[in-house]
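Here's the structure we're looking at; comments come further down.
The figures that follow rest on heavy atoms only: side chains count, while hydrogens, waters and symmetry mates do not.
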Amino acid sequence: MLAITEVKISGTPNGKFLGYARVVLGNAIVLKNMKIIRHREAGHPPMVMMPSVKLANGSDEEVYHPIHSGFRELLVAAVLAEASRRELR
């Protein structure tokens, strides 16, 4: 498994939108445009949404996503830790 070698947050918080995450894996591949949004229920941490596209049938499909739940948890934790450092709450 590739290690997370860099996390950057960009964008200006606006309403429930808190920013975009850019994550580099193993200094080899970049994952961009993950959206960080405020959870609709108070007291919950922000959510990290994978980029998606709208299909012809009207449904949404993620452009990319972690295959294993353990890596998803690692990815989300890294993004939220960087967002916390930038005080995007």
Practice prompt. Could you pull out the closest heavy-atom pair between L18 and I37, with the gap in Å?
Written response: CD1-C, 4.0 Å
Worksheet, complete the sentence: Between E61 and L55 the two heavy atoms that sit nearest each other are CB-CD1, 4.0 Å
Item to complete: Answer yes or no: is there a side-chain heavy-atom contact under 4.5 Å between M50 and M34?
Response: yes
Worksheet item: More than 12 heavy atoms of other residues, nucleotides or ligands under 6.0 Å from CD1 of I29: is that the case?
Response: no
Worksheet item: Crowded around H44 NE2? As in, over 12 foreign heavy atoms under 6.0 Å?
Response: yes
Fill in: Single-linkage hydrophobic cluster V24~Y20, side-chain heavy atoms < 4.5 angstrom
no
Item to complete: Answer yes if F71 and M49 sit in the same cluster of Ile, Leu, Val, Met, Phe, Trp and Tyr residues linked by side chain heavy atoms under 4.5 Å apart, and no otherwise.
Response: no
Fill in: Close side-chain approach of L25 and I4, heavy atoms under 4.5 Å
yes
Worksheet item: Do V30 and L75 belong together in a cluster built from hydrophobic side chains that touch within less than 4.5 Å?
Response: no
Worksheet item: Should L80 and M47 be counted in the same cluster of Ile, Leu, Val, Met, Phe, Trp and Tyr side chains packed under 4.5 Å apart?
Response: no
Worksheet item: If every non-hydrogen atom of A21 is compared with every non-hydrogen atom of V79, which pair is closest and at what distance?
Response: CB-CG1, 3.7 Å
Worksheet item: Above 12 or not: heavy atoms from other molecules or residues under 6.0 Å from CD1 of I67?
Response: no
Practice prompt. Group every Ile, Leu, Val, Met, Phe, Trp and Tyr by side-chain heavy-atom contacts under 4.5 Å, then state whether F17 and V48 land in the same group.
Written response: no
Response to the item:
Smallest heavy-atom separation, I36 atom then P46 atom, equals CG2-CB, 4.0 Å
Discussion item. Can you give me the closest heavy-atom contact between P51 and K32, atom names plus distance?
Written reply: CG-O, 3.6 Å
Item to complete: Calculate, to the nearest 0.5 Å, the distance between atoms OG and NE2 belonging to S52 and H65 respectively.
Response: 11.5 Å
Discussion item. Between R38 (side chain only) and G15 (backbone N and O only), is there a donor and an acceptor less than 3.5 Å apart?
Written reply: yes
